[in-house]
Amino acid sequence: MSKISEIYKHTEGIDKLTFAQKQRLSFIDFSLLFKGSINRKELTEKFEMGMANATRDLTLYKDLAPQNIDFNAKDRTYLQAKAFTPLFIYNSKQTLAKLVNKISDGFDGVLEISFPVNAPYQLNVPDIFIVAKIVQAVLKGKAISIIYTSLSSGSKAREIVPHTIIDNGLRWHVRGYDRKSNSFRDFVITRVSKVALLDKPVEEFEMAIEDNQWMRKMDLHIVPHPTNVQYPQAIELDYGMDNGTLCLTVRAALVGYLLRRWNVDCTEDASLQGGEYQLWLRNRQTLYGAENLAIAPGYAQNE
């Protein structure tokens, strides 16, 4: 039976629940999907409820989806079972936005209100089940085996130690240590077709603390473009600038993505022409040592 068929199989039982019950079960479902575990204490703290009520909710969840959950008696923790399929249906875009903003309630599985907010078309959204496995690996400090399709070598198996999922404004990436190239790299999540957690130990040099580009911070001073913008006050309002300058502190691993996303002119003399370049990086020297500057407008061509 497909995952979609499994999901829809449970809807009849869910429809009979109160909205409050759906919220609590959605939190359990979300925790199992992305963390791989849930316990009574987390439920009681989240919903300010007693242990007995938390036990009833966990029992109800297991009644609705017995294949989803295993109980670890030693740790008194409920774990994601191997046959897990979500009890609720999650919108990929909404769920990814919640992960970015550290929201872990899973309530988009039960809310039915459609708000009048929209956005331009985006590239393919990552498979939420792939993202969930990567999140579990990061939280548990584990390496993963993936099938990754690159532009240079096609589809191949690799082992990486992920530490962060990144939204660069166009694509979703996972950053981590690549055991093939022995370096920290970004991988486009939509190009990942399979993920499996590994039990191989993670070495200290593979951890985020050893990722120099991730740990290094760069101070950017961004101003309205001196020649392409006729009324700089409009740009100052757009970006919330203070005295005509937007000061940001950005990780070196992310700085290229930000500069490209905002079309920041990175030339020494603000020489890029065109209405798309409304910003200029005034302290270009701060970029020294960043590794992903090939995508920064005007930077690579002057190096």
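This chain uses plain numbering: 1 for the first residue, then up along the sequence.
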Any donor-acceptor pair under 3.5 Å from [X] side chain to [Y] backbone:
X: N68; Y: T85; answer: yes
X: T95; Y: S92; answer: no
X: E210; Y: M207; answer: no
X: Q80; Y: L32; answer: yes
X: T286; Y: D219; answer: yes

Taking [Y] as the starting point, is it possible to reach [X] by hopping between hydrophobic residues whose side chains are less than 4.5 Å apart?
X: F84; Y: I69; value: yes
X: L248; Y: M241; value: yes
X: L198; Y: I147; value: no
X: L259; Y: I235; value: yes
X: L139; Y: I38; value: yes

Close aromatic pair by centroid cut-off 6.0 Å: F30 and F88 = no

Hey, would you say the Y78 and Y61 ring centroids sit under 6.0 Å apart?
-> no

Less than 4.5 Å apart, any side-chain heavy atom of [X] and any of [Y]?
X: R76; Y: N39; value: no
X: I14; Y: K22; value: yes
X: L60; Y: R24; value: no
X: L281; Y: L220; value: yes
X: Y90; Y: D29; value: yes
X: W214; Y: I209; value: no
X: L170; Y: R261; value: no
X: I222; Y: L258; value: yes

Of all residues at least two apart in sequence or in a different chain, which pass the side-chain hydrogen bond (donor to acceptor under 3.5 Å, both in side chains) check with R158?
-> D178

Residues that N283 engages under side-chain hydrogen bond (donor to acceptor under 3.5 Å, both in side chains), provided they are two or more places apart | none

Over 12 non-hydrogen atoms of neighbours within 6.0 angstrom of [atom1] in [X]:
X: N182; atom1: CG; value: yes
X: K140; atom1: NZ; value: yes
X: Q285; atom1: CD; value: yes

Rounded to the nearest 0.5 Å, what separation is found between the [atom1] atom of [X] and the [atom2] atom of [Y]?
X: D265; Y: R284; atom1: CG; atom2: CZ; value: 9.5 Å
X: H173; Y: I189; atom1: NE2; atom2: CD1; value: 8.5 Å
X: L254; Y: R175; atom1: CG; atom2: CZ; value: 7.5 Å
X: Y148; Y: K156; atom1: OH; atom2: NZ; value: 13.5 Å
X: L87; Y: Q67; atom1: CG; atom2: CD; value: 8.5 Å
X: D186; Y: R171; atom1: CG; atom2: CZ; value: 11.5 Å

Taking all non-hydrogen atoms of both residues into account, name the closest pair between [X] and [Y] and its distance.
X: I134; Y: P162; result: CG2-CB, 4.2 Å
X: P232; Y: Q230; result: CD-O, 3.4 Å
X: V202; Y: A143; result: CG2-N, 3.8 Å
X: S37; Y: T77; result: CB-CG2, 3.8 Å
X: D63; Y: P66; result: O-CD, 3.7 Å
X: V131; Y: L99; result: CG1-CD1, 3.9 Å

Carefully, step by step, assess S150 and R191 under the rule side chain to side chain donor-acceptor pair (under 3.5 Å).
-> CA-CA 7 Å; S150 70; R191 298 177 185 174; over 6 Å; no

Can you list the residues that meet the ring pair (Phe, Tyr, Trp, His ring centres under 6.0 Å) rule with Y277, with sequence neighbours excluded?
-> none

Could you tell me which residues satisfy ring pair (Phe, Tyr, Trp, His ring centres under 6.0 Å) with H225, sequence neighbours excluded, listed by chain and number?
-> none

For D199, all residues meeting salt bridge (Lys or Arg N to Asp or Glu O under 4.0 Å), sequence neighbours excluded = K142

When Y257, W280, Y239 are each screened for ring-ring contact (aromatic ring centres under 6.0 Å, His included) with W262, the one that passes is Y239

Which side-chain N or O atoms in residues 289-298 pair as donor and acceptor under 3.5 Å with protein atoms at least two apart or in another chain?
{"from": "N292", "atom 1": "OD1", "to": "G256", "atom 2": "N", "distance (Å)": "3.3"}
{"from": "N292", "atom 1": "ND2", "to": "A253", "atom 2": "O", "distance (Å)": "3.1"}

Do K217 and R251 pass the side chain to side chain contact (heavy atoms under 4.5 Å, CB included) test, and can you show the C-alpha distance, the side-chain angles, and the key distance before you say yes or no?
-> CA-CA 4 Å; K217 304 288 185 66; R251 296 184 186 276; 3.6 Å; yes

Do E206 and K200 meet the salt-bridge criterion of a basic N to acidic O distance under 4.0 Å?
-> no

May I have the step-by-step check of side chain to side chain contact (heavy atoms under 4.5 Å, CB included) for I130 and T190, ending in yes or no?
-> CA-CA 9 Å; I130 296 288; T190 51; over 6 Å; no

Stepwise, does the side chain to side chain contact (heavy atoms under 4.5 Å, CB included) test hold for F129 with L33?
-> CA-CA 8 Å; F129 299 103; L33 177 59; 4.2 Å; yes

Take I160 and I144, measure what side chain to side chain contact (heavy atoms under 4.5 Å, CB included) needs, and give me the verdict at the end.
-> CA-CA 6 Å; I160 67 172; I144 54 177; 3.5 Å; yes

